[in-house]
Amino acid sequence: MSGMLITPADLKAYSVFDSVKDRPDVLLTQDIIEAVAEISLEVGHDFSGEEYDPLPERVRLAVLKMAQFYALINSDESITKGYTSEKIGDYSYTLGNGSTIQKPNIYSLIKDYVVPADSDLEGTEVKMRMRSI
């Protein structure tokens, strides 16, 4: 990833959660890096090409959603421990039987940007020997 797709300021402006808005920029930067790494893995590239300058709005929204998710789980240990109910700012949530908050489903936002992976074995000749038992 050559550069940041969004900034901590972008994430703070997007989020409604105080725990995200109050999170130090250095930690939000790490949350953004996690989000971009995951999205890059899903689409097969890192959005560094000229065709992604400016970044498409759907991709930007996907990064914001995923980065907010990482900021929330990285800032609140009760989420990762699976407590049954918790409150973040004015928002409360309930987790059932040790489950955790679900990652946002961003596939509909990024599906048009997926680059099919080339098979590492393409063009490789395979020889196999068999013998009777």
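In this chain, residues are counted from 1 in sequence order.
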In one Ile/Leu/Val/Met/Phe/Trp/Tyr side-chain cluster, 4.5 Å: Y14, I110
yes
Any salt bridge between R23 and D31, counting N to O under 4.0 Å?
yes
Do E38 and K103 have side-chain heavy atoms sitting under 4.5 Å apart?
yes
Quick one: does any side-chain atom of S75 pair with a main-chain N or O of A71 as donor and acceptor, under 3.5 Å?
yes
With ring centroids as reference points, do Y52 and H45 lie under 6.0 angstrom apart?
yes
Correct closest heavy-atom pair for D25 and K12 would be OD1-NZ, 2.7 Å
Connected via hydrophobic side-chain network under 4.5 Å: M66 and V43
yes
Scanning both residues in full, the closest heavy-atom pair of R58 with S108 reads NH1-O, 3.9 Å
For Y107, what residues pass the ring-ring contact (aromatic ring centres under 6.0 Å, His included) criterion, not counting sequence neighbours?
none
Any Q30 side-chain heavy atom under 4.5 Å of Y70 side chain
no
Taking all non-hydrogen atoms of both residues, which atom of I6 and which atom of A67 are closest, and how far apart?
CD1-CB, 4.2 Å
Among I39, L61, V59, side-chain contact (heavy atoms from CB on, under 4.5 Å) partner for L109:
L61
Looking at every heavy atom in both S19 and L72, which two are closest together, and how far apart are they?
OG-CD2, 3.4 Å
Look at the side-chain heavy atoms of Ile, Leu, Val, Met, Phe, Trp and Tyr, link any pair under 4.5 Å apart, and say whether L55 and L11 land in one connected group.
yes
With a 4.5 Å cut-off on side-chain heavy-atom distances among I, L, V, M, F, W and Y, is there a chain of contacts connecting L64 to I33?
yes
The side-chain hydrogen bond (donor to acceptor under 3.5 Å, both in side chains) partners of T7 (sequence neighbours excluded) come to D10
Please identify each residue that fulfils side-chain hydrogen bond (donor to acceptor under 3.5 Å, both in side chains) with E34, with sequence neighbours left out.
N74
Does the pair M4 and T29 meet the rule for a side chain to side chain contact (heavy atoms under 4.5 Å, CB included), with working shown?
CA-CA 8 Å; M4 296 276 290; T29 298; 3.8 Å; yes
For V20 and S15, work out which heavy atoms get closest and say how close.
CB-OG, 3.4 Å
